[in-house]
Number of protein chains: 2
Amino acid sequence: MSDQAVINKRLSGLDEILDKSAQLMAHLGYHGTSMRDLAQVTGRSLSGLYHYFSNKEELLFLINQRGFTSLLDMSNRLLIDDLRPEQRLSKLISNHVTYFIDHLSEMRIMTSGTMEMNEQRSQILWKLKQEYTQLAQNIVGEYMRSQTDVDYPDDVISRKTYLLYGMMNWIFGWYSATDHGTAQEVADDIFHTFTKGCCAEENRKKSL
Amino acid sequence: MSDQAVINKRLSGLDEILDKSAQLMAHLGYHGTSMRDLAQVTGRSLSGLYHYFSNKEELLFLINQRGFTSLLDMSNRLLIDDLRPEQRLSKLISNHVTYFIDHLSEMRIMTSGTMEMNEQRSQILWKLKQEYTQLAQNIVGEYMRSQTDVDYPDDVISRKTYLLYGMMNWIFGWYSATDHGTAQEVADDIFHTFTKGCCAEENRKKSL
DNA sequence: AAATTATCCGAACGATCGTTCGTTAATTTA
DNA sequence: TAAATTAACGAACGATCGTTCGGATAATTT
């Protein structure tokens with residue numbers, strides 16, 4: 001077996017653990033979920049878990065790192081395509097909302113905020129978040145400039161971006177697939193509300 | 001000392017405990033905060049805390065109940081005044097944002113979502129949340145109707161309201177008094193973004 | 001077939017958890 | 001002032017916590 005295959009095998013086992021752990025931790029919280037709970041839900045023994053990570057804190061770090069990395073990779077691809085600012089913002093929102101709804105548990109953990117962690121690890125996560133935030137602010141800023149020909153100060157753009165991410169990150173507080181439509185429908189709603197206000201979409205339909 | 005004074009004294013002691021406990025729990029999480037931590041931060045002994053509540057879960061309940069009740073009382077007063085739908089929405093947002101920023105720790109706990117709790121207690125909290133949500137949806141729905149003369153279905157209004165509360169409830173993820181202005185400035189930004197889109201406020205300034 | 005490595009486990013460690021108990025100081029009431 | 005109630009405490013309980021250790025089994029390589 002090649003080195004890569006060994007790594008894949010290993011990551012496959014780890015990925016399963018990260019998924020199921022995130023699901024339980026999203027419900028009970030990090031401190032509220034014991035290693036024995038995680039052993040049971042992953043179908044392994046308590047001590048067997050420590051083959052995949054050295055302690056509980058590292059497990060939390062791995063869930064966060066995996067999530068932010070893949071979210072960042074997806075969004076970075078938006079910059080490669082030659083899109084108009086409006087389309088780019090629309091795709092950024094679709095990406096985030098779709099990923100969010102497909103990975104509700106992990107996103108719940110990733111957005112649960114300050115957690116005491118190893119200095120080096122928290123810095124790695126901080127940089128990932130920072131990079132993602134900067135990317136989003138650039139796209140929002142370019143959109144606003146394209147709409148108004150105004151050069152907004154950074155703090156205005158920054159705050160607007162936080163409002164946008166508030167709409168998206170609050171999804172875990174209410175979203176249910178059966179009641180609130182597909183991820184794309186939610187993303188469209190957020191895009192229209194953010195760009196034109198809460199009555200925009202309906203006005204458009206009405207004027208057709 | 002009168003009965004009321006006794007009750008005040010008692011509530012004063014409890015209120016102090018709820019405040020300091022919320023502050024610590026907002027940082028470390030419910031399960032991450034031990035009763036010994038709470039005893040230290042409130043300047044009391046471990047066993048002395050149990051004079052004010054019967055167990056840790058009840059402490060969490062009391063923090064939530066106190067917060068939602070006072071938030072609901074504030075917002076209910078909006079319905080008494082004779083306001084236009086636009087003003088009423090604006091005041092709802094100001095109320096929520098101001099309360100949120102003045103009580104960041106408690107709001108962090110109140111918005112941290114599903115927590116395993118006594119059936120009766122969780123039902124009391126659920127009803128408070130439900131009442132507050134219904135009040136907000138009514139105000140948002142009336143505003144949208146006043147702007148467009150369209151009768152929106154309930155699920156549309158419901159989703160728009162969730163987006164609005166997403167912008168507001170995400171505040172704890174980024175807000176700092178020194179960097180992001182007063183609560184009123186944030187509230188105005190959210191009101192303009194929600195009603196007219198992200199470029200509304202600046203367009204208005206530009207057109208003066 | 002032997003050697004090596006990757007997985008996995010039962011049992012136990014010290015530490016910390018939420019809670020209870022009996023008792024004492026402080027304050028209010030009668 | 002005496003009685004009654006409120007407020008607070010130290011010490012200890014059993015339970016559960018994260019983690020470790022030595023050894024077993026399974027998988028892969030030599």
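For the numbers below, each heavy atom of this structure counts, side chains included, while hydrogens, waters and symmetry mates do not. To find a chain, count down the sequence lines: A is the first, B the second, and so on, and within it residues start at 1.
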- line: Of the listed D:dT20, C:dC8, C:dG18, the closest approach to the B:Lys56 side chain comes from C:dG18
Whole-Å distance separating the CZ atom of A:Phe53 from the P atom of C:dC8: 12 Å
query: Roughly how many Å is it from CG in B:Leu49 to P in D:dA7, rounded to a whole number?
result: 13 Å
- prompt: Counting heavy atoms not belonging to A:Glu119, are there more than 12 under 6.0 Å from its CD?
  reply: no
- prompt: A:Trp174 vs B:Tyr162 aromatic rings, parallel, tilted or perpendicular, using cut-offs 30° and 60°?
  reply: parallel
statement: From CG of B:Leu28 across to P of C:dG18 the rounded distance in Å is 12 Å
message: Within the 3.5 Å criterion, strictly below it, is a donor on B:Asp37 or B:Ser34 matched to an acceptor on the partner's side chain?
response: yes
task: State, without any angle test, whether A:Gln134 and A:Asn138 hold a side-chain donor-acceptor pair at a distance under 3.5 Å.
output: yes
- prompt: What is the distance from CZ of A:Arg44 to C1' of D:dA26, rounded to the nearest Å?
  reply: 14 Å
- line: In short, ring-ring contact (aromatic ring centres under 6.0 Å, His included) pairs touching residues 16-41 of chain A with sequence neighbours left out are none
- request: Kindly determine whether B:Asp81 and B:Arg88 satisfy salt bridge (charged side-chain N to carboxylate O under 4.0 Å, His left out), including the steps that lead there.
  value: CA-CA 9 Å; B:Asp81 300 333; B:Arg88 193 165 279 172; over 6 Å; no
statement: Note: contacts of residues 35-43 of chain B with DNA chain C (heavy atom, under 4.0 Å) are B:Met35, B:Arg36
- line: Testing C:dT19, D:dA8, D:dC21 for proximity to the side chain of B:Asn55, the answer is C:dT19
- prompt: Looking for any heavy atom pair under 4.0 Å, which part of the strands does B:Ser34 touch: base, sugar-phosphate only, or nothing?
  reply: sugar-phosphate
query: With a 6.0 Å cut-off on ring centres, are A:Tyr143 and A:Phe194 close enough?
result: no
- request: For A:Leu46, report the nucleic acid contact type (base, sugar-phosphate, nothing); a contact means any heavy atom under 4.0 Å.
  value: base
message: So B:Ser45, base contact, sugar-phosphate only, or nothing? Heavy-atom distance under 4.0 Å.
response: base
- request: Send over the distance from B:Ile17 CD1 to D:dT6 C1', rounded to a whole Å.
  value: 13 Å
Distance, rounded to the nearest Å, where A:His31 contributes NE2 and C:dT16 contributes P: 14 Å
- prompt: Any side-chain N or O of A:His51 less than 4.0 Å from the OP1 or OP2 oxygen of C:dC8?
  reply: no
task: Using a cut-off of strictly less than 4.0 Å, decide whether B:Tyr50 has a side-chain nitrogen or oxygen near OP1 or OP2 of D:dA7.
output: no
